[in-house]
Amino acid sequence: MINMSEGMTPEEVHLIDKLKMEMLNAVSLQDLQFYKKEITRIKEQAAKRHRFLHKLTKRAEKL
């Protein structure tokens, strides 16, 4: 898992915070699972983007 400050945009952090607050108001297990799935998806996309940018940076340094 990546550090929140490393690889996540402020918008992503804000969206995750908002989803966590929505979890408190969830009325069913399905709602909780949906919010958790969305949070996980956002974090995975940020991690994937971070790895890709890191890879590009390393390749650019070799040039």
Side-chain angles (χ1 to χ4, degrees):
M1 186 156 285
I2 65 167
N3 184 345
M4 289 287 247
S5 63
E6 181 183 313
M8 292 189 74
T9 65
E11 292 83 8
E12 288 168 331
V13 173
H14 177 71
L15 185 55
I16 287 176
D17 288 342
K18 193 172 182 179
L19 287 169
K20 286 180 180 178
M21 291 303 294
E22 287 296 321
M23 287 178 84
L24 297 174
N25 299 321
V27 293
S28 71
L29 182 58
Q30 291 172 334
D31 290 343
L32 285 174
Q33 290 171 336
F34 171 78
Y35 294 129
K36 183 174 169 54
K37 186 177 175 182
E38 288 300 305
I39 290 169
T40 302
R41 186 181 60 78
I42 292 167
K43 288 180 178 182
E44 286 172 351
Q45 287 176 347
K48 184 177 180 181
R49 183 182 60 245
H50 181 71
R51 287 190 304 269
F52 178 73
L53 291 175
H54 182 72
K55 187 184 222 181
L56 283 179
T57 302
K58 289 293 182 186
R59 285 187 181 176
E61 288 174 357
K62 291 180 180 180
L63 294 178

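We number each residue from 1, following the sequence as shown. Worth knowing before you read on, the calculation uses all heavy atoms, side chains too, and leaves out hydrogens, waters and symmetry mates.
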| message | Nearest 0.5 Å, please: how far is CG in L15 from CD in E22? | response | 10.5 Å
| message | Holding to salt bridge (charged side-chain N to carboxylate O under 4.0 Å, His left out), I want the full list of residues that pass it with R59, two or more places apart in sequence or in another chain. | response | none
| said: Can you tell me how far apart CG (L19) and NE2 (H14) are? Round to the nearest 0.5 Å. | reply: 10.0 Å
| task | Report, as yes or no, whether the 6.0 Å neighbourhood of atom CD on Q30 holds more than 12 heavy atoms from other residues, nucleotides or ligands. | result | no
| Carboxylate-amine/guanidinium contact R41 E44, below 4.0 Å | no
| query | Where is the tightest heavy-atom contact between A46 and G7, given as atom of each residue plus distance? | reply | CB-O, 3.6 Å
| query | Is I42 linked to L53 within one hydrophobic cluster, defined over Ile, Leu, Val, Met, Phe, Trp and Tyr using a side-chain heavy-atom separation of less than 4.5 Å? | reply | no
| said: Once rounded to the nearest 0.5 Å, what's the spacing between atom CG of L24 and atom OH of Y35? | reply: 10.5 Å
| query | Between M23 and I39, what is the shortest heavy-atom contact and its length? | reply | SD-CD1, 3.9 Å
| message | What's the separation between atom CD1 in I16 and atom CE in M8, rounded to the nearest 0.5 Å? | response | 3.0 Å
| task | Report yes if the side chains of K36 and Q33 come closer than 4.5 Å at any heavy-atom pair, otherwise no. | result | no
| Does the side chain of E12 come within less than 4.5 Å of R49's, by heavy atoms? | yes
